[in-house]
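Everything on this sheet refers to the single structure shown next.
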Amino acid sequence: MAAMVNWLVFLFGLVCLSAAVFEDQAGKFDWRQQYVGKVQSAYFDSQTQASKKLLVATEQNVIASLNSRNGDIIWRQVDKTGPEGHIDTFLVHGQDAIAVSGNGRLLRSWETTIGGLNWETLLDTGSFQSAGFVGVQDSVKYVAILKKTAISLHYLSNGHQKWVENLPDSETVQYEVVYSGGSGLVSVLGVVPHSHLTITTYNLEDGEIMKQVSVEALWLESLKPGCAVVRDGVLVCADPASRSLYTLKLEEEHEQEMRQVLLQSLDVELSDGFQPHVLATQPNPARHPNAEFFLQLGPDHHILLQLGDDAIAPLRDFQQNEKALRNVEMESWGALLVSFATTGEKTVAVVMSPKNETAYSINLFSADSGRRLLETTTTFNHDPNGGKPERLYVHAFLKKDDSVGYRVLVQTEDHALIFVQQPGRVLWIREEALAEVVTMEMVDLPLTGTQAELEGEFGKKADGLLGMVLKRLSSQLILLQSWMAHLWKMFCDARQPRSLVRNEVTIETLARDEFNLQKMMVMVTASGKLFGIESSFGTILWKHFLQKVQPGSSFKLVVQRTTAHFPHPPQCTLIIKDKDTGLITVHVFNPIFGKRSHITPPSLGRPILQSLLLPLMDQDYAKVLLLIDNEYKVTAFPSTKRVLQQLQEMASSVFFYLVDSDQGKLSGFRLRRDLTTELIWEVVIPTEVQRIVAVKGKRANEHVHSQGRVMGDRSVLYKYLNPNLLAVVTESSDFHPERSFVGMYLIDGVTGRIIHEAVQRKARGPVYFVHSENWVVYQYWNTKSRRNEFSVLELYEGTEQYNSTAFSSLDRPLTPQVLQQSYIFPSAISQLEATITEKGITSRHLLVGLPSGAILSLPKMFLDPRRPEVPSEQSREENLIPYAPEMPIRSEWFINYNQTVSRAKGIYTAPSGLESTCLVVAYGLDIYQTRVYPSKQFDVLNDDYDYMLISSVLFGLVFATMISKRLAQVKLLNRAWR
Amino acid sequence: MLPRSTTSLFCVLFQALSAVSQGLGEFETVSVGAPVNGDRFRIEGRAVVTDIKPHDWVSTARVLVEGEEDHVGFLKTDGSFAVNDVPSGSYVVEIVSPAYKFEPVRVDITSKGKMRARMVNFIKTSEVVRLPYPLQMRSSGPPNYFIKRETWGWTDFLMNPMVMMMVLPLLIIVLLPKVVNTSDPEMRREMEQSMNMLNPNPELPDVSEFMTKLFSTKGSGKSGSSIKAGKSGQLKRR
């Protein structure tokens with residue numbers, strides 16, 4: 001027993017060494033970028049002048065604090081995903097940030113300096129409408145929450161509820177706005193569409209209804225976004241139908257009517273598609289709002305208005321008109337985005353207007369008079385490939401000479417945040433689109449010019465013997481020259497301190513390194529923005545925003561041509577499928593530079609069901625992509641004559657499968673010579689019992705080095721390596737814990753033959769699985785024992801191979817032997833992937849993303865169905881670990897140490913030029929890139945290789961021989977004299 | 001281990017008549033996957049890292065229930081936490097933090113809202129080892145993410161068995177003649193006797209002598225003649 005334990009410990013030690021990170025390696029070749037997601041609302045911490053905090057709430061249900069000097073995250077809190085964690089409202093007052101989330105379920109207050117929770121209150125159920133601070137006597141003490149049927153008031157200090165009142169007639173009235181002007185009253189405004197407006201006013205102290213007024217408003221449909229409260233409690237509403245503004249005093253005692261002001265009387269030009277939007281400002285919740293407000297009249301047209309005692313006065317019209325464009329002297333600004341900002345007692349209106357194609361200018365105007373403030377113009381350049389600005393957040397502050405200075409945070413359509421400081425300096429840009437990476441690929445970098453020239457030499461036809469020799473010599477000379485230059489650079493770098501060396505990677509200096517460890521990461525995000533990120537430092541080298549992508553589209557990225565075919569540029573194709581129509585658009589681009597390719601993508605009129613990349617190449621070395629539409633017709637891309645001819649020849653050996661999870665049907669097709677298809681098999685999994693959750697084949701670029709495993713008795717167990725095998729995962733339709741199950745079918749994709757079927761009873765999903773070589777590893781939840789379990793299936797042909805030269809699905813009479821074993825995994829998982837290497841010699845590890853954000857590198861050795869319960873001599877010879885039900889999780893196996901990846905949505909693995917090394921990218925809310933060595937670095941010297949010791953020992957030995965030689969000579973001489 | 005588990009079992013037995021064990025019966029039937037249209041409960045507790053103020057680590061930590069994002073709790077600035085809206089069932093509650101390690105705890109909630117906490121045991125899932133509720137999660141310190149590099153030191157070199165095997169005889173050879181007084185004739189005689197006993201055949205050449213001669217031949221070619229003669233003489237003697 002003791003011997004076994006010893007042996008186990010030894011094995012653990014062995015394995016542990018192969019997966020862990022050394023402390024000095026941290027940050028050496030790995031990096032992490034943290035994101036927060038698309039910003040919903042942002043606040044500047046304006047408590048002190050020097051404050052550099054920015055508070056944001058995002059659509060990814062994240063609340064974070066950013067450093068406004070450099071854009072780094074100070075702290076970040078990640079709530080649950082989906083509508084349950086959705087942040088309804090985010091308000092900031094002083095040190096506290098108040099967030100209502102989960103459709104008004106939870107009210108939380110955050111401490112803004114360290115990011116801890118102050119308090120958390122559970123609210124009553126009911127759909128959330130609005131929230132606002134309530135103040136009395138110049139200090140903000142409460143927060144009011146308006147729901148569909150009730151209003152509640154909570155203390156800001158501890159979250160306790162002061163009172164809650166049901167709203168009258170909540171079945172008919174839709175309550176939308178809560179308003180308080182610091183007078184000890186809270187007003188709730190509601191609308192009965194196309195009928196009337198109700199104003200219910202509550203006493204702040206006890207929640208007693210002070211007043212209930214109903215005003216007729218037949219034209220009014222909703223209070224948002226066409227209404228706002230300005231001045232001393234006057235409601236201003238814009239009506240697009242009658243082209244007029246209505247005003248109503250909220251705190252008036254007697255019954256009244258809304259006063260109408262025609263927009264024409266204000267001398268305003270109106271465009272046809274007038275969608276009014278009223279923007280007012282209330283700098284302090286304990287006081288009345290300002291009397292000035294913006295009214296949006298068109299997409300580029302805003303007007304600043306002021307509500308006086310008895311009339312509305314226009315202060316300034318912001319419109320980009322034709323006259324102004326021609327006449328430069330005439331001051332006129334179109335207003336793309338407008339905002340108010342307050343510092344001290346001063347309120348300014350901020351207007352952003354397009355200057356030309358690539359630049360925008362921002363100007364400040366005095367809110368009281370509409371006059372432009374001098375020396376406040378900021379002009380900043382913006383990438384025309386990016387999205388247009390969408391939101392504007394302004395932080396105004398008073399300078400020493402009492403003039404107003406400001407900083408601006410601009411949010412664009414493609415989720416980027418741009419922070420601009422006067423006079424037009426872009427301090428930082430955050431690409432928040434990267435918080436939602438959907439799919440990615442890693443592409444080899446191109447060779448340098450000299451290397452490419454050398455390569456090109458072999459391709460060309462000979463110019464005669466002498467010419468070839470001369471060419472060879474000249475290219476060798478060039479190589480020597482570049483090598484000398486490289487050495488010189490290394491020497492110069494070595495003299496400088498290490499921190500300065502970090503060489504900048506630009507698109508010009510991009511070149512493949514000697515082990516192909518540095519690659520280009522092409523990332524596709526849900527917003528439709530594409531990124532090219534260089535993998536060794538994480539620098540974004542190019543970005544491209546696809547304007548027309550609908551939200552919710554699905555993406556598929558394929559590499560049609562790699563960098564290996566110089567001088568043809570590499571080519572990537574992105575297939576974007578619309579969620580509703582199923583129609584696709586194809587974007588073809590160069591993955592290294594991000595430029596759109598000149599090749600015209602195929603035009604497709606019908607929804608596409610499946611796409612597959614054939615190993616077949618056209619004359620330009622681009623792999624052929626087949627697209628199958630809903631009438632089972634096939635379109636080839638590229639579709640040159642030669643490709644079509646090749647396709648016709650190969651047609652009988654091109655098979656593909658389609659999955660219809662709604663009907664539970666898997667069907668296999670074969671391509672015909674005329675590019676139509678024929679159905680050759682169909683497997684129906686009845687949807688009443690179970691539904692297909694996922695189908696996965698093997699990776700196309702996977703290599704398997706050894707065909708079999710040598711067993712303890714020196715016989716060989718051959719692996720069943722079927723490249724056409726599909727792993728189909730099903731889940732039961734019955735969710736009852738006693739009857740639910742998870743099914744795993746292994747189906748041959750060519751013949752439709754079910755090779756194996758495994759059912760895990762009393763189990764449910766979500767199922768994460770990896771299908772590779774001759775094994776499938778999957779993870780499920782055991783409902784009976786309430787734990788996560790891993791199961792592994794391995795397929796073997798047996799001790800003899802049927803046909804060792806080629807595999808054919810049509811000619812395999814013997815069914816494989818299937819071995820299976822299951823283990824307990826002591827944690828939930830969020831992602832599962834396997835490492836991959838160039839030649840498949842290195843042992844495999846599973847990369848398991850854990851909910852904590854760690855990525856566990858679990859040796860496949862632990863998931864081996866041949867692990868014996870009782871170890872024998874033979875199993876020991878094979879290095880099989882004795883079976884243990886519980887799988888270990890050790891923090892040394894976390895490849896990302898403390899650099900956790902929140903909400904890991906995918907782990908991408910790619911082989912590098914070194915057989916020992918696998919490149920790993922984990923993405924989710926964060927992006928993390930690293931290298932793993934599943935069998936240690938057996939093909940390169942370790943970083944800790946002790947050059948000093950080796951050289952000192954060598955020198956020492958040489959020295960010692962010299963001395964001893966001398967001594968021996970002296971001795972001999974002495975003896976001869978004796 | 002055995003006495004401890006029996007005591008905890010006793011704990012349960014004592015309360016067997018009350019709601020807890022009834023609740024246990026219900027755990028088997030109440031489904032975890034399907035939403036239960038019942039009351040929702042709150043799991044409360046406190047996380048403590050010894051000698052570290054909560055201010056320094058709470059912003060990076062979260063409370064996860066059953067490892068999924070269905071129920072998430074955040075830590076307050078004093079280290080306490082509450083997870084709201086949890087339906088009845090049995091859950092593993094854990095605090096995830098990149099900086100500190102916490103042991104997970106299993107929390108059982110009956111349909112009436114009775115709570116109890118016990119140790120997580122995935123192999124014997126019904127075993128009950130009680131833990132205090134509200135939860136007290138004490139960190140066992142920062143996790144060890146890195147492994148130590150094998151550093152090269154003199155002690156490693158010297159403690160190597162091969163080196164020991166070489167060095168110890170060397171020491172004996174060098175030191176022993178110094179310790180034993182060789183000038184004493186009595187002692188010398190004694191030694192010679194013992195040497196003769198060890199070397200029963202005086203005819204055989206001394207190995208050490210042979211070796212030195214062999215090496216000195218290689219070492220110097222100039223004065224080789226005399227040695228060559230010696231060598232041939234030895235061979236003849238053989």
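Residue numbers begin at 1 in each chain, while the letters A, B, ... track the order of the sequences.
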Got a second to check how far [X]'s [atom1] is from [Y]'s [atom2], nearest 0.5 Å?
X        : Y        : atom1 : atom2 : value
B/Glu66  : A/Asn788 : CD    : CG    : 7.5 Å
B/Thr125 : A/Arg787 : OG1   : CZ    : 6.0 Å
A/Leu122 : B/Arg42  : CG    : CZ    : 6.5 Å
A/Lys80  : B/Leu64  : NZ    : CG    : 11.5 Å

(request) Verify, without hydrogens or angle tests, whether A/Arg786 (side chain) and B/Tyr91 (backbone) share a donor-acceptor contact under 3.5 angstrom. (result) no
(request) For A/Ser891 and B/Asn144, indicate whether the former's side chain and the latter's backbone hold a donor-acceptor pair under 3.5 Å. (result) yes
(request) Find out whether A/Ile114 and B/Ser59 are in side-chain contact, i.e. whether some heavy atom of one side chain is under 4.5 Å from a heavy atom of the other. (result) no
(message) Counting heavy-atom pairs closer than 4.5 Å to chain A, which one of B/Ile95, B/Ile123, B/Val92 comes out on top?
(response) B/Ile123
(request) Using a cut-off of under 4.5 Å on heavy-atom pairs, state which of B/Thr60, B/Asp78, B/Asp85, B/Leu75 scores highest against chain A. (result) B/Asp85
(message) If you apply the rule side-chain contact (heavy atoms from CB on, under 4.5 Å), what do you find for B/Phe74 with A/Asp79, and how did you get there?
(response) CA-CA 9 Å; B/Phe74 296 100; A/Asp79 206 344; 3.9 Å; yes
Segment of [X] engaging chain B (4.5 angstrom heavy-atom cut-off):
X        : value
A/Pro826 : both
A/Leu106 : side chain
A/Ser785 : both
A/Arg76  : backbone
A/Ile824 : side chain
A/Gln899 : neither

Grab the two heavy atoms, one from [X] and one from [Y], that are nearest each other, plus how far apart they are.
X        : Y        : result
A/Gly116 : B/Val58  : CA-CG2, 4.1 Å
A/Val78  : B/Arg62  : O-NH1, 2.8 Å
B/Lys76  : A/Asn118 : CD-O, 3.8 Å

(message) Taking side chain as everything from C-beta outward and backbone as N, CA, C, O, which of these in B/Ala99 sits under 4.5 Å from a heavy atom of chain A? Side chain, backbone, both or neither.
(response) neither
(message) Please evaluate residues B/Phe146 and A/Phe22 with respect to the criterion side-chain contact (heavy atoms from CB on, under 4.5 Å), reporting the C-alpha separation (whole Å), side-chain torsions for both, the decisive distance (0.1 Å), and the verdict.
(response) CA-CA 5 Å; B/Phe146 303 108; A/Phe22 295 108; 5.9 Å; no
(request) Could you tell me which of A/Arg105, A/Glu111, A/Glu886 has the largest number of non-hydrogen atom pairs under 4.5 Å with chain B? (result) A/Arg105
(request) Decide side-chain contact (heavy atoms from CB on, under 4.5 Å) for B/Phe122 and A/Phe825; before the verdict, give the C-alpha distance in whole Å, the side-chain angles of both, and the deciding distance to 0.1 Å. (result) CA-CA 9 Å; B/Phe122 285 118; A/Phe825 193 67; over 6 Å; no
